[in-house]
Amino acid sequence: MSNTHLPVLDGIDPEITERLMTRRAAIARGATVSSTVMAGLAMASVPVALAALSTEAFGQGSAVPADIKAVLDFALALEIFEAEFYSAVLGQSTVAAQNTAFAAVRGGVTGAALATLQQIRKHEVAHVAFLKAQGATSTLTAADFDFTGGRGSGTGPFAPATTDVAFLLTVAQGAEDTGVRAYKGQAGNLIGNNDSIHNAVLEAALRIHSVEARHAARIRRIRRLAAGAGATVRLSGTVRGGGAAAAGATGTPSAAVVAAFAAIYGGATPESNTAHVVFNGTAAATIDAATLANIQGGSDAATEAFDEPLTRAEVVAIVQPFFIPTIA
């Protein structure tokens, strides 16, 4: 099967993953670690942590394996996209036209929304710099993005984000949720491998994932506190349901926007999924939370409790309209 049909991190050779995670487990036990690795782990980003561990495990100046390099390069492209998006929204892009595009909406981004977008931008810019320092490469520049989703036309279906604050925040939420789901697949690789290395990594991966998801949760909370947000936009910051409805877009979005949100919250394993594989002590078992008796909150609670993975191909399909060059 092509790696494009797997969760983004699942394409890494298991032996390489074990080497990285053996190093991570040693760090957890108090082994000496460089300031670079500590900085990378502190950023609480799955691709950034992977880059840090790769450098530490394979040695400074050594080439990391090709499959890890491919993951890091893909992660860098996504991080550049997000960093440039927030830079343009905040008027800090190196390309004047990107700043001008969001001029009409910028004055309406105030208070908690402004502070949140500023903080997220700082995180994304730091992730880009760190990934590049660890050997990830990309030729992308600020001019390579069309944040209307028109691949260079400037008139794509997401153009309302340049004039409507509510829609802008919905788009930002979708971008963050895409990132969360893109890296969720690593946990699935580790479930069922009941040994000290995999258990330590699973704990770390889920902890990193939970922190990374706070960007999307914070935006969702801001939207819910604003007038007009629907009930699917949870004050808790969790995702309710799947498909386009999970985005909680207000107004009457176009068919293209609806389709984009359907992809972000849908996929082969949609956010509405309630069946999950767990380890029951002796073997893997599938439990469908929607069928459990007396579960508080019912199926809604079940869908809100988990983020589901997107495959690499699904991620590419979602973000390609915002990239002018073709991405693989």
Side-chain angles (χ1 to χ4, degrees), residues 78 81-82 85-86 89 102 105 108-109 112-113 116-117 120 124 145-150 156-184 209 212-274 297 299-311 313-323:
L78 297 180
F81 161 61
E82 292 191 68
F85 170 66
Y86 292 112
V89 170
F102 287 93
V105 77
V109 181
T116 296
L117 297 191
I120 293 176
E124 303 299 351
F145 299 99
D146 177 354
F147 298 115
T148 72
F158 289 89
T162 63
T163 57
D164 183 340
V165 173
F167 188 72
L168 169 66
L169 292 177
T170 306
V171 174
Q173 170 194 297
E176 295 299 324
D177 281 329
T178 299
V180 170
R181 296 191 67 194
Y183 298 106
K184 180 62 164 61
H209 167 76
E212 194 170 52
R214 291 177 191 171
H215 287 172
R218 177 61 176 164
I219 295 172
R220 195 172 281 105
R221 181 177 174 82
I222 291 171
R223 292 184 58 221
R224 181 58 188 268
L225 291 172
T232 57
V233 182
R234 309 304 296 166
L235 195 60
S236 62
T238 55
V239 179
R240 169 169 288 188
T250 56
T252 308
S254 69
V257 169
V258 170
F261 285 135
I264 291 172
Y265 298 100
T269 307
E271 287 281 49
S272 56
N273 177 53
T274 59
S299 60
D300 282 339
T303 63
E304 290 179 51
F306 300 93
D307 287 306
E308 305 295 348
L310 288 168
T311 67
E314 288 171 337
V315 175
V316 169
I318 290 168
V319 302
Q320 180 62 86
F322 300 95
F323 287 65

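Each residue takes its place number in the sequence, starting with 1.
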If you look at every heavy atom in [X] and [Y], which pair is closest and at what distance?
X	Y	value
Pro157	Ala256	CB-CB, 3.6 Å
Val89	Leu117	CG1-CD1, 4.1 Å
Val315	Ala182	CG2-CB, 3.8 Å
Ala231	Arg224	O-NH1, 3.7 Å
Val171	Ala161	CG2-CB, 4.1 Å

Would you say [X]'s side chain and [Y]'s backbone share a donor-acceptor pair under 3.5 angstrom?
X	Y	value
Arg220	Val233	no
Thr148	Gly156	yes
Glu271	Glu308	yes
Glu314	Ala263	no

- Ring centroid separation for Phe81 and Phe323, is it under 6.0 angstrom?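 Ring centroids of Phe81 and Phe323 are less than 6.0 Å from each other.
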**Request:** Could you tell me whether Phe322 and Phe85 have their ring centroids closer than 6.0 angstrom?
**Result:**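 That pair fails the under 6.0 Å test.
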Inset, instruction - Would you please name every residue forming a side-chain contact (heavy atoms from CB on, under 4.5 Å) with Glu124, sequence neighbours left out? - result: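 Here the qualifying residues are Glu79, Glu82, Ala83, Tyr86, Ile120, His127, Glu176, His215.
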- [ ] Quick one: sort the Tyr265 and Phe261 rings into parallel, tilted or perpendicular, breaks at 30° and 60°.
- [x]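 Tilted, since the angle between the ring planes falls between 30° and 60°.
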State the [atom1]-[atom2] distance between [X] and [Y], to the nearest 0.5 angstrom.
X	Y	atom1	atom2	value
Gln173	Thr178	CD	OG1	10.0 Å
Thr116	Ile222	OG1	CD1	3.5 Å
Thr269	Arg181	OG1	CZ	7.5 Å
Ile318	Leu310	CD1	CG	5.0 Å

Is any side-chain heavy atom of [X] closer than 4.5 Å to a side-chain heavy atom of [Y]?
X	Y	value
Phe167	Thr250	no
Phe102	Leu168	yes
Asp164	Val105	no

